[in-house]
Each structure stands twice: as structure tokens, then as C-alpha cells.
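Taking it in order: structure first as C-alpha cells, then the write-up.
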Amino acid sequence: MKIIRFLTGDPNGPIDFHPDSALLLPGRPMFHPDFGDEWHVSVFLAVRINRLGKSVGEKFAPRYYDALSIGIRIEPESVSPADEGALSGMDCTITYGEWIKPEEFLANGSFEIAGLNVEQPHTSDCVDRAVSALSRLTTIKMGDILLLPLGSPSIILHPRSYITATTNTGNEILSVKVV
């Protein structure tokens with residue numbers, strides 16, 4: 001399993017690979033790092049790949065993912081490009097919420113994450129382009145997770161707090177306890 005993070009909203013833009021050890025399984029607490037200055041949370045659209053594919057055409061991309069969710073990644077407030085590579089391998093810094101069918105997820109339009117209203121900028125076309133572009137660079141496999149940035153303001157990470165994400169209908173899809 002791979003975790004692939006798009007660094008910009010452009011599906012043909014730069015990407016970053018994370019090891020599976022960077023994934024914090026849902027329901028587990030996230031530990032606030034005891035080093036570095038201030039830490040913050042970046043919010044992503046998480047895409048779950050459900051089949052093996054290489055060089056997938058855009059029109060066939062919907063067959064290669066079956067669920068979407070909200071994903072988060074913690075990182076220091078100020079990151080130099082030299083440190084970014086080392087931080088990509090940091091354990092338990094990425095997690096995701098409940099997986100939802102793509103058509104239901106994209107119909108929500110906006111989410112509330114840690115008290116902030118976040119608009120859903122991605123459409124099924126954008127997700128399709130990302131899956132297709134990625135499949136040209138590497139073989140995508142069942143269980144891979146793609147992270148597309150939502151462009152929301154970063155959320156300051158505090159120990160002994162909760163990070164939650166709810167749909168515009170009030171359904172909680174992500175809940176992370178920070179210890």
C-alpha cells in the first residue's frame with residue numbers, strides 16, 4: 001500500500017510518497033510531537049484505490065476508486081524543502097475518516113473541520129484526472145490512498161484536543177483525539 005500526496009491542487013503537479021507507517025489507523029489517538037515549534041494540520045480529500053492499474057485513461061478512472069473521505073496530515077508550521085522529505089516518512093502523521101461512496105461525498109459540497117467551514121473544491125473530474133495522472137507515473141494498487149489538498153487554512157494542533165470533520169448534514173466522518 002502506498003500513500004501518495006499531491007502537493008498542489010494540480011493533478012499533474014508534484015507528488016510526495018509516504019510509507020505505510022505514516023498512516024494512523026482511524027480510531028487511534030494522534031500524538032502531538034514533542035519536538036519542533038508549532039505544529040498544524042493540513043486537510044485533504046482522501047481517495048481509496050480499489051484495483052490494480054497502470055496508465056489508466058481519464059474516462060476509466062472512476063472504476064479505480066470506490067470511496068472518498070477527509071484526510072489530515074500533521075506537520076511543523078515552518079517546513080524547509082530540505083526537511084519535507086524527512087517528514088514524509090514520519091510515523092503516524094496521516095489519518096483519514098469514514099469512507100463514503102464518491103457520489104455521496106462529492107454531493108456534500110462543504111465540511112466543517114475543527115470549527116472551520118471548508119468548501120469541497122474537487123469534482124469527480126478532478127479526482128479522475130488525479131487517478132489517471134498518477135497511474136502514468138506508478139502502478140496504482142488496491143488499498144493505495146491518494147491525498148488531494150483542499151486548500152483550507154491550516155489548523156493549529158494542540159495537545160489534549162479533538163479534530164473532527166462533519167458533513168453539511170451534520171454527520172461526523174472524522175474524529176481524532178490528540179494526546
Side-chain angles (χ1 to χ4, degrees), residues 1-7 9 15-34 36 39-52 62 64-76 87-122 124 126-127 130-131 134 138 140-179:
M1 178 198 44
K2 298 181 292 292
I3 304 164
I4 302 110
R5 178 174 57 106
F6 286 80
L7 301 178
I15 59 173
D16 195 9
F17 286 85
H18 298 270
D20 56 359
S21 62
L23 189 63
L24 175 68
L25 296 177
R28 303 259 171 110
M30 182 173 274
F31 290 91
H32 188 279
D34 58 356
W39 290 79
H40 73 273
V41 174
S42 298
V43 183
F44 296 89
L45 170 66
V47 181
R48 182 175 69 188
I49 300 297
N50 66 339
R51 65 193 297 187
L52 181 70
Y64 289 83
Y65 62 94
D66 64 346
L68 304 176
S69 186
I70 292 290
I72 61 171
R73 176 179 185 242
I74 63 168
E75 54 193 22
L87 290 171
S88 292
M90 192 170 160
D91 291 347
C92 299
T93 55
I94 298 171
T95 191
Y96 57 86
E98 176 187 338
W99 292 113
I100 300 172
K101 291 180 181 181
E103 56 277 1
E104 291 175 26
F105 188 91
L106 294 170
N108 281 308
S110 66
F111 300 88
E112 185 175 293
I113 302 167
L116 299 172
N117 192 34
V118 175
E119 291 297 319
Q120 167 57 275
H122 299 291
S124 59
C126 181
V127 176
V131 170
L134 183 63
T138 185
I140 56 175
K141 299 179 180 179
M142 182 186 292
D144 286 353
I145 298 173
L146 313 183
L147 299 173
L148 300 168
L150 287 180
S152 64
S154 63
I155 301 160
I156 302 299
L157 187 70
H158 298 287
R160 295 174 298 285
S161 63
Y162 284 92
I163 299 170
T164 59
T166 56
T167 63
N168 57 6
T169 58
N171 296 333
E172 186 176 270
I173 58 172
L174 172 74
S175 179
V176 179
K177 180 180 179 182
V178 181
V179 293

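Position 1 is the first residue of the sequence, and the numbers go up from there. Predicted model only: the values in this text are computed from it and were never measured.
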[X] side chain vs [Y] backbone, donor-acceptor pair below 3.5 Å:
X: Thr166; Y: Gly170; value: no
X: Ser110; Y: Val118; value: no
X: Ser69; Y: Ala46; value: no
X: Asn168; Y: Asn108; value: yes
X: Asp144; Y: Lys2; value: yes

Which heavy atom of [X] sits nearest to which heavy atom of [Y], and what is that distance?
X: His40; Y: Pro76; answer: CE1-O, 3.3 Å
X: Asn50; Y: Tyr65; answer: OD1-N, 3.2 Å
X: Leu148; Y: Ala130; answer: CD2-CB, 3.7 Å
X: Gly89; Y: Ser21; answer: O-OG, 4.4 Å
X: Pro149; Y: Gly9; answer: CG-N, 3.9 Å

State the [atom1]-[atom2] distance between [X] and [Y], to the nearest 0.5 angstrom.
X: Trp99; Y: Arg48; atom1: CH2; atom2: CZ; result: 6.0 Å
X: Ile4; Y: Thr138; atom1: CD1; atom2: OG1; result: 6.5 Å
X: Leu157; Y: Trp39; atom1: CG; atom2: CH2; result: 9.0 Å
X: Thr167; Y: Glu172; atom1: OG1; atom2: CD; result: 10.0 Å
X: Ile49; Y: Asp66; atom1: CD1; atom2: CG; result: 8.5 Å
X: Leu106; Y: Leu45; atom1: CG; atom2: CG; result: 7.0 Å

Between [X] and [Y], is any pair of side-chain heavy atoms under 4.5 Å apart?
X: Leu7; Y: Ile15; answer: no
X: His32; Y: Val179; answer: no
X: Met90; Y: Pro33; answer: yes
X: Ile145; Y: Tyr96; answer: yes
X: Ile3; Y: Ile94; answer: yes
X: Leu52; Y: Ile140; answer: no
X: Val176; Y: Ile72; answer: yes

(message) More than 12 heavy atoms of other residues, nucleotides or ligands under 6.0 Å from CZ of Phe17: yes or no?
(response)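 Enclosed.
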
(message) For Met1, I'd like to know if atom CE has over 12 heavy atoms of other residues, nucleotides or ligands within 6.0 Å.
(response)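 It does: Met1 CE has more than 12 such atoms within range.
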
(request) With side-chain contact (heavy atoms from CB on, under 4.5 Å) as the test, would you mind laying out the steps for Met30 and Ile74 before giving the verdict? (result) CA-CA 9 Å; Met30 182 173 274; Ile74 63 168; 3.4 Å; yes

(request) Going by the side chain to side chain donor-acceptor pair (under 3.5 Å) test, name the single residue among Glu75, Arg5, Arg73 that passes it with Ser42. (result)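 That would be Glu75; it is the only one of Glu75, Arg5, Arg73 passing the side chain to side chain donor-acceptor pair (under 3.5 Å) with Ser42.
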
(message) The criterion is ring pair (Phe, Tyr, Trp, His ring centres under 6.0 Å); which residues satisfy it with Phe105, sequence neighbours excluded?
(response)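 For Phe105, the residues satisfying ring pair (Phe, Tyr, Trp, His ring centres under 6.0 Å) (neighbours in sequence not counted) are Phe111.
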
(request) Take Leu25 and Thr95, measure what side-chain contact (heavy atoms from CB on, under 4.5 Å) needs, and give me the verdict at the end. (result) CA-CA 6 Å; Leu25 296 177; Thr95 191; over 6 Å; no

(request) Decide yes or no on side-chain contact (heavy atoms from CB on, under 4.5 Å) for Ile173 and Ile100, but give the supporting numbers first. (result) CA-CA 9 Å; Ile173 58 172; Ile100 300 172; 3.5 Å; yes

